[in-house]
Chemist: 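Below are the structure tokens for one structure; questions will follow.
As the structure is a prediction and not an experimental result, all values here were calculated from the model. We're numbering straight along the sequence, starting at 1.
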Amino acid sequence: MTNRLAIDIGGTFTDVVLECGEEQFTRKVLTSHDQPADAVLRGIRELFSETEVSSDSISLVLHGTTLATNAIIERRGARTALLTTEGHRDVLAMAFENRFEQYDVNIERPEPLIPRYLRIPVYERMGPEGVPLRALDRVSVDDAIETLNRENVESVAVGFLHSYTNSAHEDAVAEQLAKALPDVALSLSSQVCPEIREYERFSTTCANAYVLPLMATYLHDLSERMQAIGIHCPFLVMTSNGGLTTLANAVKFPIRLVESGPAGGAVLAAWKARQLGVSKALSFDMGGTTAKICMIDEGAPLRSRSFEVDRRYRFKKGSGLPVRIPVIEMVEIGAGGGSIAHVDQLKRVRVGPESAGSEPGPACYGIGGDSPTVTDADAVMGRLEAGRFAGGQMTLDLDAGKHAIVSHILRDSREKPHDAARAIAEVVDENMASAARGHASEWGKTVAERVLIAYGGAAPLHATRLISKLNCDYALIPVGAGVGSALGFLRSPIAYEVVHSKYMRLSTYDRETVARIIDRMHAEAKSVVSQAVNELEVHVSATAYMRYVGQGYEISVPLDLENLSLDQIRSAFEVSYETLYGRLLPKSDIEVMSWTLTLATVAEEPTRLNSAIELERFNDACREQALTELDMESVARCIDRENLKPGHHVLGPALISERHTTTLVPTGFELVVNRAYDLIVRRCVA
């Protein structure tokens with residue numbers, strides 16, 4: 001029997017899943033921010049104790065984390081410098097030179113990760129065709145090394161103009177730095193992000209350098225500590241594009257891990273969509289710190305090659321630090337169970353983006369927090385069973401949660417704590433619904449009539465309100481929803497994507513050059529994937545980023561690797577362009593800006609479920625609890641999820657409790673258990 005471990009570190013909780021053949025055992029523990037590995041080891045030991053599984057029986061460890069993202073947001077990275085082409089040290093500060101919010105005179109942008117005095121110019125210049133226009137001046141590099149020594153720099157990013165076409169100057173500087181400063185971490189833009197557009201390339205490389213020492217120390221520490229307790233199997237890390245990579249590659253390019261945890265959840269949601277034959281779904285991941293929403297069409301999550309970290313303006317697109325990495329496209333907002341509620345100057349209830357996290361946590365956790373959070377509101381409204389929270393590992397202090405709401409939210413002694421709690425819940429639900437609508441519109445899609453697949457510790461509590469606001473068909477709560485992202489790691493392929501910028505117009509198309517580019521990218525991807533797999537079947541896919549000459553931005557066009565002819569590439573572009581914009585520009589030339597290639601193992605597909613099932617009303621005796629709903633007070637039946645079987649039918653109001661989350665079924669809604677033991681929550685049919 002194969003035993004596998006999946007580990008997901010979030011801002012509030014660390015989830016650990018032990019898969020033993022067909023069985024899965026789970027643990028959710030508070031994240032230990034000072035030493036993240038502490039919580040991981042604690043969860044693993046508890047699972048081993050519960051199941052009597054031995055450490056030497058583990059065949060694979062899969063890991064995802066948001067530590068890289070949090071380090072950038074909280075500015076806890078290494079002391080980092082940037083060596084760049086003379087005259088271009090201010091690229092990071094100038095950014096796009098646009099206004100993402102046109103009418104805000106107090107617009108706030110995130111500060112560059114590297115201050116100006118550590119953005120050091122080097123005398124060199126590479127042309128756009130890869131031909132040196134100015135030879136590398138070694139003396140200017142020596143001067144830079146003196147500054148790095150004097151400033152006690154821990155990590156260095158090297159980003160020169162047009163190094164994606166010819167990395168000779170960056171390679172030479174890296175060799176010189178490695179000899180002079182062997183203990184300093186290095187990140188080269190020609191390796192981290194070999195693409196056009198200097199600002200995004202420099203920003204990505206600087207972000208990689210900024211988190212590299214921290215992530216390398218953490219990942220090596222976790223690996224060594226797991227080996228110390230007898231786990232000696234391969235260790236794979238989840239990347240932001242929904243694929244698994246090796247520990248060595250994750251250490252070298254930690255910027256690819258910024259969305260690794262949420263990506264696992266999107267993989268799980270896509271897998272469930274394929275299992276149920278759902279063509280349009282919306283994944284909804286609400287944890288302790290943030291909520292993430294992703295569009296899933298035809299069983300595949302929306303993907304992109306750009307992402308923003310540390311958005312400052314109400315999580316508005318354009319207000320963060322851009323990174324160019326392969327990523328599952330999702331919108332992330334500060335709306336988790338630990339999101340703090342407050343009353344602003346206009347006496348409006350606001351929620352987030354600040355979070356109480358795991359330290360000090362929501363007030364009702366009783367571990368030092370005194371600010372009102374979404375979890376406090378849920379507890380006060382009766383949505384959580386105080387004595388059964390987290391599988392009974394933690395007893396909620398309802399009085400503390402109520403006191404936090406009364407102290408910080410109520411403005412009048414005549415108001416009731418339950419009304420304030422209801423306001424907090426309604427505000428956070430509308431924040432998430434609004435983010436989902438905006439995200440969908442950015443991609444020319446809609447959220448209505450989709451299936452909402454909810455997972456994460458807090459999502460099943462808020463799923464029904466979201467399907468009402470978004471007009472979704474129904475909500476689906478998968479088995480193990482409380483640790484959904486970790487479960488997604490177990491469904492993820494081993495994969496690696498390579499990108500290469502090589503400008504080419506179709507009027508001068510060179511098939512041999514394209515074939516060489518594809519072969520070179522394939523070799524690079526294979527060198528990474530082969531470290532993790534030997535004989536598994538792999539799938540190769542490639543994409544060209546193309547546009548009409550004169551346009552500012554390109555679209556992704558899938559390539560047929562068996563036919564790289566001019567006619568085939570032109571036809572593929574026209575199909576993609578017309579699908580997106582509804583028209584073509586037949587007299588315009590077409591240009592290719594970049595090429596990507598992905599190598600991935602072929603993941604096991606789910607068996608399609610038969611949706612037909614005979615319903616049986618669940619009438620077993622169960623606990624009861626007072627519940628505050630949107631416009632009424634009621635008494636909810638409290639049912640343990642393990643008592644529900646396929647075909648069981650439950651009418652709201654009800655609370656379905658399980659080890660790591662609770663599903664709310666309000667009045668006017670019903671719950672049905674499908675053949676996979678998933679919970680389907682929908683409006684009652686009249």
Chemist: Using 0.5 Å steps for rounding, measure from the CG atom of Leu490 to the CH2 atom of Trp271.
Modeler: 11.0 Å
Chemist: Thr239 and Asn241: side chain to side chain donor-acceptor pair (under 3.5 Å), yes or no, with the steps?
Modeler: CA-CA 6 Å; Thr239 59; Asn241 71 337; 2.5 Å; yes
Chemist: Apply side chain to side chain contact (heavy atoms under 4.5 Å, CB included) to the pair Thr84 and Ile120, showing each step before the final yes or no.
Modeler: CA-CA 6 Å; Thr84 189; Ile120 305 168; over 6 Å; no
Chemist: Drop me the distance from Ile72's CD1 to Leu113's CG, to the nearest 0.5 angstrom.
Modeler: 6.0 Å
Chemist: Give me the atom names and distance for the closest heavy-atom approach of Glu111 to Leu321.
Modeler: O-CD2, 4.1 Å
Chemist: Say whether, by atom type as modelled, one donor and one acceptor occur between the side chain of Ser571 and the main chain of Asp567 under 3.5 angstrom.
Modeler: no
Chemist: Decide yes or no for Tyr545 and Val557: does some side-chain heavy atom of the first lie under 4.5 Å from some side-chain heavy atom of the second?
Modeler: no
Chemist: Could you walk me through whether Leu247 and Ser223 pass the side chain to side chain contact (heavy atoms under 4.5 Å, CB included) check?
Modeler: CA-CA 9 Å; Leu247 178 66; Ser223 178; 4.0 Å; yes
Chemist: If you look at every heavy atom in Gly456 and Asp285, which pair is closest and at what distance?
Modeler: CA-OD1, 3.9 Å
Chemist: May I ask you to decide if Tyr548's main-chain N or O and Gln551's side chain share a donor-acceptor pair within less than 3.5 Å?
Modeler: yes
Chemist: Atom CE in Met330, atom CZ in Arg303: separation rounded to 0.5 Å?
Modeler: 9.5 Å
Chemist: For Ser441, what residues pass the side-chain contact (heavy atoms from CB on, under 4.5 Å) criterion, not counting sequence neighbours?
Modeler: none
Chemist: Under a 3.5 Å distance rule, please check whether Tyr455 uses its side chain to pair with a backbone N or O of Leu268 as donor and acceptor.
Modeler: no
Chemist: Any side-chain to backbone donor/acceptor pair from Ser260 onto Leu257? Under 3.5 Å, distance only.
Modeler: yes
Chemist: Going by side-chain contact (heavy atoms from CB on, under 4.5 Å), name the residues that satisfy it together with Ser501, two or more places apart in sequence or in a different chain.
Modeler: Tyr164, Glu195, Ile196, Ser594
Chemist: Can you tell me which residue pairs pass the salt bridge (charged side-chain N to carboxylate O under 4.0 Å, His left out) test with a partner in residues 486-512, sequence neighbours excluded?
Modeler: Arg305-Glu497
Chemist: Looking at side-chain heavy atoms only, is the closest gap between Arg4 and Ser59 below 4.5 Å?
Modeler: yes
Chemist: Tell me whether Ser167 contacts the main-chain N or O of Ser163 through its side chain, where contact means a donor paired with an acceptor under 3.5 Å.
Modeler: no
Chemist: What distance separates Leu148 CG from Glu154 CD, expressed to the nearest 0.5 Å?
Modeler: 12.0 Å
Chemist: Let me see the working for Thr246 and Val237 under side chain to side chain contact (heavy atoms under 4.5 Å, CB included), right down to the final yes or no.
Modeler: CA-CA 6 Å; Thr246 62; Val237 184; over 6 Å; no
Chemist: Applying salt bridge (charged side-chain N to carboxylate O under 4.0 Å, His left out) as the test, list every pair that has at least one member in residues 254-275; sequence neighbours left out.
Modeler: Lys272-Asp678, Arg274-Glu605
Chemist: With sequence neighbours excluded, tell me which residues meet side-chain hydrogen bond (donor to acceptor under 3.5 Å, both in side chains) with Ser190.
Modeler: Glu170
Chemist: Salt-bridged, Glu175 to Lys179, with N to O below 4.0 Å?
Modeler: yes
Chemist: Could you go through Thr601 and His539, starting from their C-alpha distance and side-chain angles, then the distance that decides it, and tell me whether this counts as side chain to side chain contact (heavy atoms under 4.5 Å, CB included)?
Modeler: CA-CA 6 Å; Thr601 57; His539 174 71; over 6 Å; no
Chemist: Of all residues at least two apart in sequence or in a different chain, which pass the side-chain hydrogen bond (donor to acceptor under 3.5 Å, both in side chains) check with Asp560?
Modeler: none
Chemist: Just by distance, do the side chain of Ser283 and the backbone of Ala269 share a donor-acceptor pair under 3.5 Å?
Modeler: no
Chemist: Should Val156 and Leu83 count as side-chain neighbours, where that means a heavy-atom distance under 4.5 Å?
Modeler: yes
Chemist: Heavy atoms, side chains only, cut-off 4.5 Å: are Leu566 and Leu506 in contact?
Modeler: yes
Chemist: Check whether any side-chain heavy atom of Leu161 sits under 4.5 Å from a side-chain heavy atom of Glu198, and report yes or no.
Modeler: yes
Chemist: Going by heavy atoms in the side chains, are Phe160 and Val158 under 4.5 Å from each other?
Modeler: yes
Chemist: For residues 542-558, pull every pair meeting salt bridge (charged side-chain N to carboxylate O under 4.0 Å, His left out), keeping only residues two or more places apart or in separate chains.
Modeler: Arg197-Glu554, Arg547-Glu554, Arg547-Glu591
Chemist: Counting only N and O atoms by type, is there a donor-acceptor contact under 3.5 Å from the side chain of Ser189 to the main-chain atoms of Cys193?
Modeler: no
Chemist: Okay, side chain of Ser492, backbone of Leu244: is any donor-acceptor separation there less than 3.5 Å?
Modeler: no
Chemist: Partners of Tyr199 by ring-ring contact (aromatic ring centres under 6.0 Å, His included), sequence neighbours excluded?
Modeler: Phe96
Chemist: Taking side chain to side chain contact (heavy atoms under 4.5 Å, CB included) as the criterion, tell me which of Thr245, Val528, Leu236, Leu599 meets it with Ile494.
Modeler: Leu236
Chemist: Tell me, with the steps shown, if Glu124 and Thr85 meet side chain to side chain donor-acceptor pair (under 3.5 Å).
Modeler: CA-CA 6 Å; Glu124 68 83 41; Thr85 304; 2.4 Å; yes
Chemist: Would you give the length of the straight line joining atom CD1 of Ile569 to atom CE of Met504, rounded to the nearest 0.5 angstrom?
Modeler: 8.5 Å
Chemist: Tell me, please, which residues at least two apart from Tyr581 pass side-chain contact (heavy atoms from CB on, under 4.5 Å).
Modeler: Ile555, Tyr577
Chemist: Any side-chain heavy atom of Leu188 sitting closer than 4.5 Å to one from Asp171?
Modeler: yes
Chemist: Tell me every residue that passes side-chain contact (heavy atoms from CB on, under 4.5 Å) with Ala172, counting only those two or more places apart in sequence or in another chain.
Modeler: Leu136, Arg138
Chemist: Going from CG on Leu82 to CG on Leu92, what distance comes out if it is rounded to the nearest 0.5 angstrom?
Modeler: 6.0 Å
Chemist: Kindly give the heavy-atom pair with the smallest separation between Ser485 and Asp8, and that separation in Å.
Modeler: CB-OD2, 3.4 Å
Chemist: Check whether any side-chain N or O of Arg89 sits under 3.5 Å from a backbone N or O of Pro121 as a donor-acceptor pair, and report yes or no.
Modeler: no
Chemist: Does Ser527 reach the main-chain N or O of Glu524 with its side chain, forming a donor-acceptor pair under 3.5 Å?
Modeler: yes
Chemist: Which pairs would a plain distance check flag for residues 205-219, meaning a side-chain donor or acceptor within less than 3.5 Å of a matching protein atom at least two apart in sequence or in another chain?
Modeler:
{"residue": "Thr205", "atom": "OG1", "partner": "Arg201", "partner atom": "O", "Å": "2.8"}
{"residue": "Asn208", "atom": "OD1", "partner": "Ile255", "partner atom": "N", "Å": "3.2"}
{"residue": "Asn208", "atom": "ND2", "partner": "Ser187", "partner atom": "OG", "Å": "3.0"}
{"residue": "Asn208", "atom": "ND2", "partner": "Lys252", "partner atom": "O", "Å": "3.3"}
{"residue": "Tyr210", "atom": "OH", "partner": "Arg75", "partner atom": "O", "Å": "3.3"}
{"residue": "Tyr210", "atom": "OH", "partner": "Arg76", "partner atom": "N", "Å": "3.4"}
{"residue": "Tyr210", "atom": "OH", "partner": "Gly77", "partner atom": "N", "Å": "3.2"}
{"residue": "Thr217", "atom": "OG1", "partner": "Pro213", "partner atom": "O", "Å": "2.8"}
{"residue": "Tyr218", "atom": "OH", "partner": "His63", "partner atom": "NE2", "Å": "2.7"}

Chemist: Give me each pair satisfying ring-ring contact (aromatic ring centres under 6.0 Å, His included) with a member in residues 494-530, each pair once, sequence neighbours excluded.
Modeler: none
